[in-house]
Each structure stands twice: as C-alpha cells, then as structure tokens.
Amino acid sequence: MVLSTLDWVIIAFFLILFAAIGIFVSKQAGKDTKSFFLSSRNMPWWLLGVSMVATTFAADTPGLVTELVRTNGVSGNWVWWAMLLTGMLTVFFYARLWRKSGITTDLEFYELRYSGKTASFLRGFRAIYLGVIFNIITMAGVCLAGAKIANILLGISQEEMLLYASIIVVIYSTLGGLKGVLITDFIQFIIAMVGSIWATIYIVNIPEIGGIDNLLTNENVVDKLAFFPDFSNTEALITLLIIPLAVQWWSTWYPGAEPGGGGYIAQRMLAAKNEKHATWATLFFNVAHYAIRPWPWVVVGLASIVVFPNLDAISETFPSLTKQMQGHDVAYAAMMTYLPAGLIGIVLTSLIAAFMSTISTQLNWGSSYIVNDFYKRFLKPEATDKEQVLVGRISTVVLMLCAALFSFYLQSAADVFNLLLQIGAGTGLLFILRWFWSRINPYSEIAAMVISFLIAVFFFINGKLDTPLVTIAGHWQLVLGVVITTFGWIIVTLLTQPTDAKTLATFNALIFGDESKFKGFGNKTISFFCGVFGVYALLFSIGSFIYDNTLKGFVLLVITTVLGFIIYKLNKNYR
C-alpha cells in the first residue's frame, strides 16, 4: 500500500509531538525516582484512567479482538470480557489499599507484608521475573503485531519496523519518565478512538460491505453476532463462557487485569493524588476498556469475514506476508487498506500511538522494577537518584532490544494471550487473599510462581513438538494449571510459618489503621456487583444499538445509569 503525502504529514506531526513531550518533561522527570516512575504522586484520576486505557490499547489488541471474532464470533471475546470481574475487584477492594501503602513499585509490597531474607529474595526474584522475563514476552507480542501492521500498511519488513519504532519509543520513554508517558497516553487515546471509530464507519460502508444492515445479514456473519455462546454447544459454552467466568478471572495473573491489582495498573494507582483518585481512575479504566472501546474492533472483525472469509484470501492479497506473520489477527490491518488518504494516516497514527503507548508503559514499569527492586535494593543501596534514573534509562534500552528480538519467535496475538494466561494460572487467588490472610508468606508466592511457570513452559514446549507428549485442549491446560498451582501454594502455605507478628502488625496499621480489615465490606461488595453488571449492561447496550435493537439498547443503558448512581452514592463521601 502506498501512503499519500497527507498521510505521511499526519504521522510525522504526531511522532514529532510525542518526542517533543518527552524532551519537554525530561528535566522534571530526571530529578529523582519518584518523579521518573510516579510523576511525584500528584496525578488526577482522569489522566491516570485514560493512561490505563491507552496502555491496554496495544498494537496487538485490535488484532486479538479481530482474531477472536473471526474464529469464535463476538462471544469469543468472553475470554477477556470475563476479566472485568478482576478489574472491579481492584476498583472497590484494592485501589485504596495500594495508594495507602505509599510504596514506589508494587514489588515493595513484599518487604512491607513479609519479613526476613525470603521476603527480600522474593522481591528481587519477582523484579526480574516480571520486569524482565514477563515484560519481554508481553512487549514481544506487541512488537510482532506492530510488525504485521507495518508489513501490510507500509510494506516494510519486521526488522525495519522494529528498528524505527524502537528508536522513537525509547527516546521519549527514557527522557520523560511516567509523566511523559501519561501525557502522550492522553493524546494517543484521543487519536486512537477517533481513528478506530471513523475507520469503522468508513469500512462498513465500502461497496464490498454495503452498510451495516448488509453486514449483519451476510451469510458469513449472521452466526457470529451473538453476545453469548450457543448454550446447546457444550464445548463452546465451557471454553468461551464458563471457564472465563468461573475460573479464569480470579485465578490467573494477566497484565492489566491482575487480581488485587498490580503491574502498571498499580503504578498508576500509586501515582494518584490520593486514594479517591486511585479508585476513580481504575473505575474509569474498566468502563472504557471493557464497554466502550471494543466495538469498533468487533465490527471491523465482522467486516473482515466478508472481505477475507479465510486465511487464503488474506495470503493471496498480501503475498509479502511471511508464514510466521500470517494469521487471523492480521485481518484488522488488512481491512485498513481500504481507507482513503488522510483517514489511513490518522488510523495508522493511532496504531503507532497504541504501539508506543503500551511499549513505553511496559518499559517504564519494567525499568522501575529493575532500578527500585533489584539495583538499588541489592546491588547498590547507596545509589543517588540521578544514578538510579540513569540505570532506568539504560535498562529501558536493553528491555526494548530483547523484546524486539524475541518477537521473531512468536506467531499471533492469541498465542501471546494464551501463553501469558498459562504462566499466571493459579496465582490469582493468592494475590487476592494476601492482604487479608495472615498465613500467606513468601514461600506461598515463590511456590505459586515456580509451579505455574513450569507448567506453562511444559505446555508451551509440548505444543511445539511434532508428536506432543500429552494432548490436552488449551482451555483444559489452563484449568489444570490453576488446580495444580492453587493446591500447591496453599499446601506450602499451611506447611510453612506465617510472617512474624510484628511485621504483620506494622503492615495492618499502615494499610487498615485502627479499622477492621473488613470494614465497609458490604458496601464494597454491592459496588462490585453494580460495577460488573453496569459495565456489561453498557457493553451490550452499545452492541444492541449497533445491531439496530434500539429498545434493548435503551433498557440496558437505563440499567447502567441506575447502577452507576448506586455506586456514586455508596462511594461519594470517601476521601
């Protein structure tokens, strides 16, 4: 595809803008680690909330949604829609606790909650486990998606795309710290939403589709429209709905949907002005992420089935795609080739922005672990703030390089999604309970990480063998991982000693004060269920309007409004 001069001007303008923001805030960001990693803890809820949404809109996200729609229909999205429960749990039970802790990274939690050398080891080990290994896998998936988009829309190779993108994103990530990331996230979110919605409207009306009515009645699409799996199809029901809602949401650790909060979501909660801002930021994120943003991608995914009914159709149209880069996830980028000059520039800018937003956040988050929880904690405790910022910037470059290289060993967005789920399978319940159950100790966490990782590695290697050692469907692999890991860490917990009473008392005093751990549990529970059903109602309200079911759309919208009002009344007086 050949871009017009207008497209290149639009892309260049925003790339220069993003770099300029990093340079502009670099002086303030480089003062100390709290400025670089937490933006001095004075960020408002709306900026943090938008940043959370922008970060989870990665270059691979539209491709993942498109792949799910093409393979399992709209209801295939329940594999990630179910994570809303995880998000709402964080909003009403954990956001305030994280902000009260006053720590710099969520890994400091380990030496706040636990004691002894095992607590220190756990903090350092998890800094490398999450900040390096897990982080590189996540970014590699995003790099692969970006490379596929660039190959189709720009006609450049994976090597070229990663070289150009890495240089730009590393520049403003290393200069601006979290504040630079937050500001660019805000701009990128606006571009992304405008671009995706405008592109969807245009694509639906191209001659090959012929409007929304023709799309919804197309023979290739009609059986893909249902919000829920076919209840008469036992396998689809178990795979797409029952396991995600009954098992996955509370038992797995996934970036952006960590049970009890964590990762870059915790980083933004820790950067909030106060506990109230941390709570509302996380609530805004869950509403936008699960209810508002998915529909443009879903509709484009449906449209792609009409234009490219199978993978052969995509391969024939784009013969330059290598075998590794082929897959249903490239259908989103393939549909973007139908856009006119100017609009393709905006959409491509939004996809570049999505790539940069996610990668910059992962780099800042990962480097914060390396600096605060490994370098300063174990290698050089006396390191000055300036030195720590320098190490953070160096680690940012190294992480980006490793992620770019690892992207050549991956194949699709769904592969990365499933791999990350399997690695975190069985650890979720521990992260939910550790704030409240005093028996949990460092050995519990170490056992959970080691067991889940070994199981994930086994299934990953087993799946690559010409003759697998065992043949188990992917969803049952997840369940098996959850069961083994959960039982494993619980047994270890009961066989080992809890953290000493003094550390627990100090932790409880800081987090809960003189109040009971379970104070306000009733209101929080009501808010949780109102949040879950309210967001799902909004999600399906928007879908109903798109499907031209106006009455159903309005009824669901009223339900969302009522539940939102209840949440506001229950939480408005919290400071």
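Counting begins at 1 with the first residue of the sequence.
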Taking the side chain as C-beta and beyond, is there a heavy-atom pair between [X] and [Y] under 4.5 Å?
| X | Y | value |
| --- | --- | --- |
| Ile209 | Val307 | yes |
| Leu216 | Leu225 | yes |
| Tyr290 | Met83 | yes |
| Ser75 | Leu241 | no |
| Met52 | Met269 | yes |
| Thr86 | Trp250 | no |
| Leu538 | Phe533 | no |
| Val535 | Met88 | yes |

Are any side-chain N or O atoms of [X] and backbone N or O atoms of [Y], one a donor and one an acceptor, separated by less than 3.5 Å?
| X | Y | value |
| --- | --- | --- |
| Thr282 | Val91 | no |
| Arg293 | Val53 | yes |
| Trp80 | Val65 | no |
| Gln248 | Val79 | yes |
| Arg439 | Leu494 | yes |
| Ser444 | Asn441 | yes |
| Asn571 | Ile567 | yes |
| Trp98 | Gly260 | yes |
| Lys224 | Arg70 | yes |
| Asn462 | Val470 | yes |

If you round to the nearest 0.5 Å, how far is [atom2] of [Y] from [atom1] of [X]?
| X | Y | atom1 | atom2 | value |
| --- | --- | --- | --- | --- |
| Glu208 | Phe308 | CD | CZ | 9.0 Å |
| Thr493 | Ile440 | OG1 | CD1 | 6.0 Å |
| Ile455 | Ile423 | CD1 | CD1 | 12.0 Å |

How close do Ala333 and Ile152 get, heavy atom to heavy atom, and via which atoms?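 For Ala333 and Ile152, the tightest heavy-atom pair comes out as O-CG2, 3.8 Å.
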Determine whether the aromatic ring centres of residues [Y] and [X] are separated by less than 6.0 angstrom.
| X | Y | value |
| --- | --- | --- |
| Trp81 | Tyr536 | no |
| Phe540 | Phe227 | yes |
| Phe521 | Phe93 | yes |

Among Val69, Leu64, Asn72, exactly one meets side-chain contact (heavy atoms from CB on, under 4.5 Å) together with Asn77. Which residue is that? Val69
Decide side-chain contact (heavy atoms from CB on, under 4.5 Å) for Leu351 and Tyr332; before the verdict, give the C-alpha distance in whole Å, the side-chain angles of both, and the deciding distance to 0.1 Å. CA-CA 11 Å; Leu351 293 172; Tyr332 185 87; 4.1 Å; yes
Can you label the angle between the Trp435 ring and the Phe109 ring as parallel, tilted or perpendicular, going by 30° and 60°? tilted
For the residue pair Trp253 and Phe134, does the interplanar ring angle fall in the parallel (under 30°), tilted (30 to 60°) or perpendicular (over 60°) class? perpendicular
Please determine whether side-chain contact (heavy atoms from CB on, under 4.5 Å) holds for the pair Phe284 and Val287, giving the CA-CA distance in whole Å, both sets of side-chain angles, and the decisive distance to 0.1 Å. CA-CA 5 Å; Phe284 175 86; Val287 173; 5.9 Å; no
Might you work through the side-chain contact (heavy atoms from CB on, under 4.5 Å) test for Leu122 and Leu107, ending with a clear yes or no? CA-CA 9 Å; Leu122 176 60; Leu107 296 191; over 6 Å; no
If we ignore angles and hydrogens, is there a donor and acceptor under 3.5 Å between the side chains of Thr66 and Asp329? no
When you compare the side chains of Thr485 and Ser452, does any donor N or O come within less than 3.5 Å of an acceptor on the partner?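 No, Ser452 and Thr485 have no side-chain donor paired with an acceptor closer than 3.5 Å.
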Assess the residue pair Phe406 and Met139 against the criterion (side-chain contact (heavy atoms from CB on, under 4.5 Å)); give the C-alpha distance rounded to whole Å, side-chain angles, the decisive distance to 0.1 Å, and a yes or no. CA-CA 9 Å; Phe406 188 66; Met139 291 193 294; over 6 Å; no
With a 6.0 Å cut-off (strictly less than), is the heavy-atom count around OH of Tyr547, excluding the residue itself, greater than 12? yes
Heavy-atom count around Phe554 CZ within 6.0 Å, excluding the residue itself: above 12? no
